[in-house]
Asks: 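Please see the structure below; I have some questions.
Only heavy atoms go into these numbers, but all of them, side chains included; no hydrogens, no water, no symmetry mates. Counting convention: from 1, in listed order, for ligands and their atoms alike.
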Amino acid sequence: METSHGGIPKDSRGGHKRTREIIRKALTEEKRVSTKTSAADLVTETDHRVEDLIVSELQKRFPSHSRFIAEEATASGAKCVLTHSPTWIIDPIDGTCNFVHRFPTVAVSIGFAVHQELLAISMRTWPYQGSQRLYELSHSSWDLKGRQLEFGVIHHCTEERLYTGRRGQGAFCNGQRLRVSRETDLSKALVLTEIGPKRDPDTLKVFLSNMERLLHAKAHGVRVIGSSTLALCYLASGAADAYYQFGLHCWDLAAATVIIREAGGTVIDTSGGPLDLMSCRVVAAGTREMAALIAQALQTINYGRDDEK
Ligand code: IPD
């Protein structure tokens with residue numbers, strides 16, 4: 001398997017130049033927009049087109065991989081369950097609402113999870129860069145009941161930035177190493193969040209009260225940019241100190257989690273415990289201290305689980 005900087009298999013970007021062209025062209029055109037779980041949860045024909053393209057490219061390039069968790073297939077009823085098989089986790093357009101409004105903060109996200117034992121076997125057969133080092137890594141950072149998030153690729157389609165992270169091999173943006181902020185003081189923090197799709201009065205009340213709590217704690221600011229994956233990339237770049245959200249999905253989180261951890265950051269559950277990729281909630285921060293402070297401040301919004309829908 002041919003790898004580029006950061007040990008990311010070259011083929012894993014799912015044809016990112018073609019997806020970029022499709023998304024950029026469609027950004028300026030009229031779109032057919034439908035809704036999914038709520039009036040604010042949007043999908044267009046381009047989401048479907050890009051997802052189909054990524055899945056078919058990955059199938060061509062990795063014919064032995066048959067497991068895909070992809071946003072639009074899941075919306076159409078496919079089960080969102082991680083097995084022990086190597087699994088690609090795909091968000092074809094993150095920031096669909098931005099995309100619909102021509103707000104140019106839109107990304108494609110592709111993460112890859114694999115069971116550690118399968119990884120050990122595949123390392124004997126695939127020329128992964130740095131495979132020996134990976135084999136030697138301790139098991140202490142395992143997520144997902146023995147499955148590891150192995151690498152992630154997020155493409156900011158309009159600003160031509162490719163964020164990559166591979167477990168044990170660092171995180172990069174266009175080849176430049178990423179490092180998170182080391183801030184531990186909430187009163188000096190810039191915090192990012194996203195609204196999530198639910199807009200009923202009770203959910204909005206808790207969403208706004210969470211924001212208020214952070215502002216009362218004197219955070220410098222709270223920003224909503226309309227793309228969870230890009231917000232998480234900004235965190236990985238050190239351009240913000242923390243991120244939290246209720247109502248995001250495993251395809252918003254998979255690639256970004258590897259990138260943030262490889263940039264030195266922490267990704268945990270909003271309860272303060274370990275991340276659960278399927279739980280639709282997250283706190284991420286440059287430091288553990290900051291992540292714990294944010295988690296303590298939050299009231300929960302229940303979005304259920306991705307693997308129970
Ligand atoms: C959504 C966006 C949005 C966030 C949602 C995500 P999508 O992804 O990132 O900002 O609030 O939770 O699911 O639907 O545009 O791929």
Side-chain angles (χ1 to χ4, degrees), residues 14 19 22-23 26-27 31 33-52 54-55 68-76 78 80 89-111 152-158 163 191-200 203-204 206-208 210-211 222-236 240 243-257 259-260 267 270 277-284 298 300-306 309:
T19 58
I22 292 170
I23 291 171
L27 192 64
K31 301 162 190 79
V33 183
S34 315
T35 57
K36 297 190 286 186
T37 60
S38 78
D41 189 8
L42 308 181
V43 61
T44 68
E45 65 269 51
T46 310
D47 296 68
H48 287 284
R49 188 170 166 213
V50 170
E51 181 168 305
D52 292 348
I54 293 170
V55 171
F68 297 87
I69 294 176
E71 178 175 17
E72 306 318 334
T74 306
S76 310
C80 186
I89 306 170
I90 300 157
D91 190 341
I93 300 184
D94 181 52
T96 301
C97 183
N98 285 348
F99 174 71
V100 165
H101 291 273
R102 304 182 183 187
F103 188 86
T105 305
V106 174
V108 175
S109 176
I110 303 178
V153 179
I154 296 175
H155 185 209
H156 189 318
C157 303
T158 57
Y163 295 89
V191 182
L192 304 175
T193 188
E194 288 297 321
I195 305 171
K198 280 192 194 175
R199 300 297 158 86
D200 60 278
T203 300
L204 287 182
V206 181
F207 171 79
L208 292 170
N210 281 339
M211 224 181 221
V222 181
R223 306 266 184 276
V224 176
I225 64 166
S227 160
S228 357
T229 61
L230 287 177
L232 289 160
C233 287
Y234 289 136
L235 173 72
Y243 179 90
Y244 70 93
Q245 194 193 338
F246 296 95
L248 78 179
H249 298 281
C250 57
W251 45 83
D252 297 310
L253 260 183
T257 295
I259 294 170
I260 290 167
V267 188
T270 50
L277 191 70
M278 296 292 168
S279 70
C280 298
R281 57 199 210 179
V282 73
V283 173
L298 297 177
T300 300
I301 301 173
N302 188 3
Y303 270 91
R305 297 181 56 81
D306 280 336
K309 284 170 187 154

Asks: Relative to ligand 1, is D91 under 4.0 angstrom through side chain, backbone, both or neither, heavy atoms considered?
Replies: side chain

Asks: Check side chain to side chain donor-acceptor pair (under 3.5 Å) between N98 and all other residues, then give those that pass, not counting sequence neighbours.
Replies: none

Asks: I'd like to check the side-chain contact (heavy atoms from CB on, under 4.5 Å) partners of C97; sequence neighbours left out, ordered by chain and number.
Replies: L42, H101

Asks: Going by the order shown, which atoms of ligand 1 are within less than 4.0 Å of some heavy atom of E71?
Replies: 7 (P), 14 (O), 16 (O)

Asks: Students should be able to answer this: which protein heavy-atom is nearest to atom 11 (O) of ligand 1, and at what distance?
Replies: G196 N, 3.2 Å

Asks: Going by the closest heavy atom to atom 3 (C) of ligand 1, which one wins out of E72, E194, H249?
Replies: E194

Asks: Taking atom types as modelled, is there a side-chain donor on S38 or R199 under 3.5 Å from an acceptor on the other?
Replies: no

Asks: Check the pair V224 / T193 against side chain to side chain contact (heavy atoms under 4.5 Å, CB included), numbers first and verdict last.
Replies: CA-CA 5 Å; V224 176; T193 188; 3.9 Å; yes

Asks: Look only at interatomic distance and state if S228 has a nitrogen or oxygen under 3.5 Å from any nitrogen or oxygen of ligand 1.
Replies: yes

Asks: For ligand 1, which atoms, with element, lie under 4.0 Å from some heavy atom of S227?
Replies: 9 (O), 10 (O)

Asks: Below the 3.5 angstrom mark, is there an N/O of T96, backbone or side chain, next to an N/O of ligand 1?
Replies: yes

Asks: Looking at every non-hydrogen atom in both residues, tell me the closest pair between A254 and G111 and how far apart they are.
Replies: CB-CA, 4.4 Å

Asks: Decide whether the shortest distance between a heavy atom of Q245 and an atom of ligand 1 is less than 4.0 Å.
Replies: yes

Asks: Side chain of D306, backbone of C250: donor and acceptor closer than 3.5 Å?
Replies: yes

Asks: For atom 13 (O) of ligand 1, what's the nearest protein heavy atom and its distance?
Replies: D252 OD2, 3.0 Å

Asks: Closer than 4.0 Å to some heavy atom of G247 - which atoms of ligand 1 meet that?
Replies: 12 (O)

Asks: Does the side chain of Y303 come within less than 4.5 Å of K198's, by heavy atoms?
Replies: yes

Asks: Look only at interatomic distance and state if G226 has a nitrogen or oxygen under 3.5 Å from any nitrogen or oxygen of ligand 1.
Replies: yes

Asks: Please write down residue, atom name and distance for the protein heavy atom closest to atom 7 (P) of ligand 1.
Replies: D94 OD1, 3.6 Å

Asks: If we ignore angles and hydrogens, is there a donor and acceptor under 3.5 Å between the side chains of S109 and D94?
Replies: no

